[in-house]
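It should be emphasised that the depicted structure is a prediction, and the values quoted were computed from it without experimental measurement.
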Amino acid sequence: WSDLGDAHVRLGYYRRAEDAYRRAASLVAEDRLAWAAYVRLRAGVVGERERRYGSAIRLLHRALGGLEGNAGREAVAVHVRLLASEAEIRARQGRFDVALDLCRRVIERAPESGELRALATAYSIMDEALTSLGRIGEAQHLASALEIYEGLGDLTWVAATLANLGAVTYFQGRWDDAASLYSRAAEVARRAGDVGGEAVADLNLGELNANQGRLDEAYAALRRATRTVQ
């Protein structure tokens with residue numbers, strides 16, 4: 001059921017994905033750690049993909065409550081994953097101060113459990129929140145997230161992080177560096193088979209090239225993106 005949920009997310013069938021994760025969670029209801037992990041996946045779909053943020057937060061808090069009384073490395077790992085997911089949803093709500101506080105908690109606790117993905121998520125959301133709050137000079141964490149994803153060999157998230165790093169670099173006024181990062185993001189996404197991520201990177205690159213007056217290059221990048229998004 002969990003694998004089916006992952007496949008539905010890839011295809012954009014979010015209600016089906018939510019149902020699959022719900023079924024997965026129901027099969028491990030007696031194992032509170034496994035149950036909480038599947039509830040987190042369900043909350044991610046509800047909040048991140050479906051934009052039902054209130055429902056997603058309630059699911060995450062329910063999962064956090066289910067961890068009470070559990071100790072040990074795996075319990076800490078699940079706990080920080082849930083906190084990282086809430087930070088992501090809070091950022092989508094525009095509650096950036098709350099997101100920053102959650103990210104700091106993840107960064108503080110993740111190393112003791114070796115939970116690298118949650119740590120990378122916290123670094124990424126922290127820079128997103130700082131940028132949105134106008135504190136662009138403090139957004140210095142995406143490079144650490146990129147290093148983690150490269151170490152994990154996760155090309156999809158390497159590409160996404162390169163694109164995010166390109167956006168931060170763009171707003172810092174380093175446009176040539178941003179163009180290089182967007183190009184790298186598109187190339188890595190293509191290698192990962194993430195056509196949506198590749199299109200977004202090309203879209204960003206096209207916009208940047210247009211702003212620089214490089215219209216032929218902008219047209220080429222935007223034409224590639226259009227072939228996917230149509």
Side-chain angles (χ1 to χ4, degrees), residues 1-10 14 16-93 95 98-129 141-142 144-154 156-158 160-161:
W1 283 115
S2 178
D3 289 344
L4 181 60
D6 293 344
H8 282 321
V9 168
R10 289 284 188 178
Y14 301 130
R16 296 181 190 178
E18 181 189 358
D19 179 67
Y21 292 140
R22 180 183 58 78
R23 290 172 182 268
S26 71
L27 293 173
V28 293
E30 298 303 316
D31 183 341
R32 303 312 284 175
L33 293 181
W35 174 83
Y38 289 130
V39 170
R40 183 188 68 84
L41 292 174
R42 181 183 170 197
V45 170
V46 169
E48 181 68 14
R49 311 288 180 165
E50 289 271 292
R51 294 185 174 88
R52 290 182 279 141
Y53 300 129
S55 296
I57 294 298
R58 286 192 292 274
L59 282 170
L60 290 171
H61 286 181
R62 182 182 170 199
L64 284 165
L67 293 179
E68 292 182 4
N70 286 278
R73 183 183 177 93
E74 181 57 26
V76 173
V78 175
H79 184 81
V80 296
R81 288 178 210 146
L82 290 165
L83 293 180
S85 293
E86 183 176 353
E88 195 165 8
I89 293 168
R90 293 301 189 185
R92 300 295 168 266
Q93 288 179 310
R95 301 185 64 181
V98 177
L100 283 175
D101 179 64
L102 289 164
C103 288
R104 293 188 188 101
R105 291 166 63 186
V106 172
I107 292 168
E108 180 181 352
R109 295 208 66 192
E112 67 183 274
S113 66
E115 181 43 58
L116 294 178
R117 287 188 180 276
L119 183 60
T121 298
Y123 283 140
S124 299
I125 298 302
M126 179 165 276
D127 275 10
E128 177 185 337
H141 306 87
L142 277 167
S144 296
L146 179 61
E147 184 178 354
I148 291 172
Y149 288 128
E150 287 177 334
L152 293 171
D154 189 332
T156 298
W157 279 104
V158 168
T161 306

So which atom in [X] and which in [Y] form the shortest heavy-atom distance, rounded to 0.1 Å?
{"X": "L4", "Y": "A20", "value": "C-CB, 4.3 Å"}
{"X": "V46", "Y": "S55", "value": "CG1-CB, 3.9 Å"}
{"X": "A56", "Y": "I89", "value": "CB-CD1, 3.5 Å"}
{"X": "A25", "Y": "W35", "value": "O-CD1, 3.4 Å"}
{"X": "V76", "Y": "S113", "value": "CG1-CB, 3.8 Å"}
{"X": "L33", "Y": "A75", "value": "CD2-CA, 3.7 Å"}

Of all residues at least two apart in sequence or in a different chain, which pass the salt bridge (charged side-chain N to carboxylate O under 4.0 Å, His left out) check with [X]?
{"X": "E86", "answer": "R90"}
{"X": "E74", "answer": "R81"}
{"X": "R109", "answer": "E112"}
{"X": "R117", "answer": "D154"}

* Could I get the full list of ring-ring contact (aromatic ring centres under 6.0 Å, His included) partners for Y149, not counting sequence neighbours? => W157
Check: [Y] and [X] side chains under 4.5 Å, non-hydrogen atoms:
{"X": "W1", "Y": "L27", "answer": "yes"}
{"X": "T121", "Y": "V106", "answer": "no"}
{"X": "E115", "Y": "R73", "answer": "no"}
{"X": "R104", "Y": "M126", "answer": "yes"}

* Using a cut-off of 6.0 Å, state whether more than 12 heavy atoms not belonging to E147 lie near its atom CD. => no
Once you round to the nearest 0.5 Å, how far does [atom1] of [X] lie from [atom2] of [Y]?
{"X": "L116", "Y": "I148", "atom1": "CG", "atom2": "CD1", "answer": "5.5 Å"}
{"X": "L102", "Y": "L60", "atom1": "CG", "atom2": "CG", "answer": "10.0 Å"}
{"X": "L59", "Y": "S85", "atom1": "CG", "atom2": "OG", "answer": "11.0 Å"}
{"X": "L83", "Y": "C103", "atom1": "CG", "atom2": "SG", "answer": "9.5 Å"}

* According to the salt bridge (charged side-chain N to carboxylate O under 4.0 Å, His left out) rule, which pairs have a member within residues 34-44, sequence neighbours left out? -> E18-R42
Which residues pass the side chain to side chain contact (heavy atoms under 4.5 Å, CB included) test with [X], not counting sequence neighbours?
{"X": "A36", "answer": "A63, L67, V78, L82"}
{"X": "L41", "answer": "S2, Y21, Y38"}
{"X": "R16", "answer": "H8, Y13"}
{"X": "E150", "answer": "L146, V158, R184"}

* To do: Would you please name every residue forming a side-chain hydrogen bond (donor to acceptor under 3.5 Å, both in side chains) with R95, sequence neighbours left out?
  => none
* **Set of residues satisfying side-chain hydrogen bond (donor to acceptor under 3.5 Å, both in side chains) with respect to R22, sequence neighbours excluded** => D19
* Establish, from distance only, whether the side-chain atoms of S26 and R23 form a donor-acceptor pair under 3.5 Å. => no
* Step by step, would you call R62 with V39 a side-chain contact (heavy atoms from CB on, under 4.5 Å)? -> CA-CA 9 Å; R62 182 182 170 199; V39 170; 5.7 Å; no
